[in-house]
Peer 1: 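Here's a structure for you.
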Amino acid sequence: MSEQTALAQKIAMLTAPDSIDQTGARLISVGRDPEPLTAILREVDDTVLERSLAFVCGDTTVTIVAAGRRLRGIASVTPAKDADIIGQVISRDDPDGVQAAFDLLQELCGTADRLTVRSLPPEPFGKGGERGISATGLTELWGVTMEVIPKPPMEKFLSTNATAFLSVLHIRDGKIVSTAGNFKALQTIWKSQVDTFRKAHAKMVRGEEKAQLVCFEGAFDDGSSAAMALYENEVVLVAYQAKQYGEIQSSWQRIFT
Amino acid sequence: MVVDELDALLEKFEGCTALAFADLSTKMILVTDSGSNLRREALDALCAEAAVLLSADGTPVLADKPSDMASVTSPSQLRVFLRAQQEPNDVLCCICSAELDADAFVADAGACLDRISGNE
């Protein structure tokens, strides 16, 4: 990553509105966007004064100690986990320890759908001279990038709501680009109903908006709901449970407004 | 009074900007909230949109059956359309800002519509 790119990314991150969840923790990864380990390394890279960083995903809390943009080590894991690397300062002189730290973070947070962080006062950890490894160094040792490539809006919408959607049919320029779940019913909708609806609706609202989410509660015989998201040349059809409506709406607003 | 119910709902949700109670069989807006400044054409368009989304003719729009609640979200606006449980032609058309708490609003709007429809 060039210095200019790094600087641009840093400025973009600093100017972006923080996403704070209901517990007051800062949301740093949703739907693996960015990848949880990327998000963790970015937090380490932003930590100059010594701090404990408590990462929470699901019921798991991983507390690390970072200072001088370096990861010193993993201080604790809750619920308790039997791993020798916990409580140890990582060092380039101990490649097995570096790998163990990566394996543990990957195991606990690597597939997290939501990852939050709290910055806390530092805890006593290791000896004064043990500085750990820089976030930049860890990108090489762990093969994890700190670069965040923004996902296109529709892909971000799909990944953010991956657990809320029962099935997905994603179409771009008239061609299916991805599917999830039992999408046969969505394929039938795409073939027989979408065009008719879009024409009828566009006539009512004097043209179609560039980005639009249309939801129909309980539209399937099994009681599940249907939605169609439109953005430029993309159409996404999904089935979802009605109780997910609010979450889907708020994520759409976050991404497209 | 229908208008009082609409005004109360509008007052409760800051992001709600206009409410209209309509009859799908005649495709006419019957009552709006008291502060509504929507022009006749806008009201007609809103009612026509409700007729398409809630399927005035009973034909499924998307999927298997007509919905009792449909919504359209654009970058600037959320429009919600609800059908009364007891009287399928009674519908509530709602124009809101996109930042509205959609879940909470839909729950309250549904209850509001059922009270209006039941007391007609």
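Note: hydrogens, waters and symmetry copies are ignored here, and every other heavy atom, side chains too, is used. Computed from a prediction, not measured in an experiment: that's the story for all the values here.
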Peer 1: Without swapping roles, check the side chain of A:Thr116 against the backbone of A:Ala25 for a donor-acceptor pair under 3.5 Å.
Peer 2: no

Peer 1: Using a cut-off of under 4.5 Å on heavy-atom pairs, state which of B:Leu62, B:Val72, B:Asp103 scores highest against chain A.
Peer 2: B:Leu62

Peer 1: Let me know if A:Lys210 has heavy atoms under 4.5 Å from chain B in its side chain, its backbone, both or neither.
Peer 2: neither

Peer 1: If you count heavy-atom pairs under 4.5 Å with chain A, which of B:Pro75, B:Pro60, B:Ala51 comes out on top?
Peer 2: B:Pro75

Peer 1: Within a 6.0 Å radius of atom CD on A:Gln106, are there more than 12 heavy atoms belonging to other residues, nucleotides or ligands?
Peer 2: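 Yes, enclosed.
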
Peer 1: Report the option among B:Ala70, B:Ala102, B:Ala48, B:Ser71 that has the most heavy-atom pairs separated by less than 4.5 Å from atoms of chain A.
Peer 2: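 Ranked by contacts with chain A, first place is B:Ser71.
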
Peer 1: Taking every non-hydrogen pair under 4.5 Å, which of A:Met228, A:Gln249, A:Lys243 racks up the most with chain B?
Peer 2: A:Gln249

Peer 1: Against chain B, label A:Phe256 side chain, backbone, both or neither, depending on which of its atoms sit under 4.5 Å from a heavy atom there.
Peer 2: backbone

Peer 1: Count the heavy atoms belonging to other residues, nucleotides or ligands that lie under 6.0 Å from NZ of B:Lys65, then report whether that count exceeds 12.
Peer 2: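 More than 12 heavy atoms, drawn from other residues, nucleotides or ligands, come within 6.0 Å of this atom.
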
Peer 1: Picking from B:Leu19, B:Asp7, B:Leu10, what satisfies side chain to side chain contact (heavy atoms under 4.5 Å, CB included) with B:Ser34?
Peer 2: B:Asp7

Peer 1: Mind running side-chain hydrogen bond (donor to acceptor under 3.5 Å, both in side chains) on B:Thr26 and B:Asp23 for me, showing each step along the way?
Peer 2: CA-CA 6 Å; B:Thr26 56; B:Asp23 175 32; 2.9 Å; yes

Peer 1: If you count heavy-atom pairs within less than 4.5 Å of chain B, which of A:Ala219, A:Ser250, A:Gly246 leads?
Peer 2: A:Ala219

Peer 1: Does the pair A:Leu53 and A:Leu120 meet the rule for a side-chain contact (heavy atoms from CB on, under 4.5 Å), with working shown?
Peer 2: CA-CA 6 Å; A:Leu53 301 177; A:Leu120 305 167; over 6 Å; no

Peer 1: Under 4.5 Å heavy-atom distance to chain A, tell me which part of B:Val52 shows up: side chain, backbone, both or neither.
Peer 2: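 Contact with chain A: side chain only.
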
Peer 1: Check each atom of A:Gln212 against the heavy atoms of chain B and say whether the ones under 4.5 Å are side chain, backbone, both or neither.
Peer 2: both

Peer 1: Between A:Glu232 and A:Arg172, does any NZ, NE, NH1 or NH2 come within less than 4.0 Å of an OD or OE carboxylate oxygen?
Peer 2: no

Peer 1: Taking the six-membered ring for Trp and the full ring for Phe, Tyr or His, determine whether the centres of B:Phe13 and B:Phe105 are under 6.0 Å apart.
Peer 2: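 Aromatic pair counts; centres sit under 6.0 Å.
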
Peer 1: Given a strict heavy-atom distance threshold of 4.5 Å, which part of B:Leu100 is in contact with chain A: side chain, backbone, both, or neither?
Peer 2: backbone

Peer 1: Please identify, among A:Val194, A:Thr196, A:Leu213, A:Thr257, the residue contributing the most non-hydrogen atom pairs under 4.5 Å to chain B.
Peer 2: A:Leu213

Peer 1: Can you tell me which of A:Leu230, A:Leu237, A:Asp221 forms the most heavy-atom pairs within a distance under 4.5 Å of chain B?
Peer 2: A:Asp221

Peer 1: So which part of A:Ala185 gets closer than 4.5 Å to some heavy atom of chain B, the side chain, the backbone, both or neither?
Peer 2: neither

Peer 1: Among B:Asp68, B:Leu54, B:Leu53, B:Leu78, single out the residue with the greatest number of heavy-atom pairs under 4.5 Å to chain A.
Peer 2: B:Leu53

Peer 1: Are B:Arg83 and B:Asp90 close enough for a salt bridge, meaning some N to O gap below 4.0 Å?
Peer 2: no

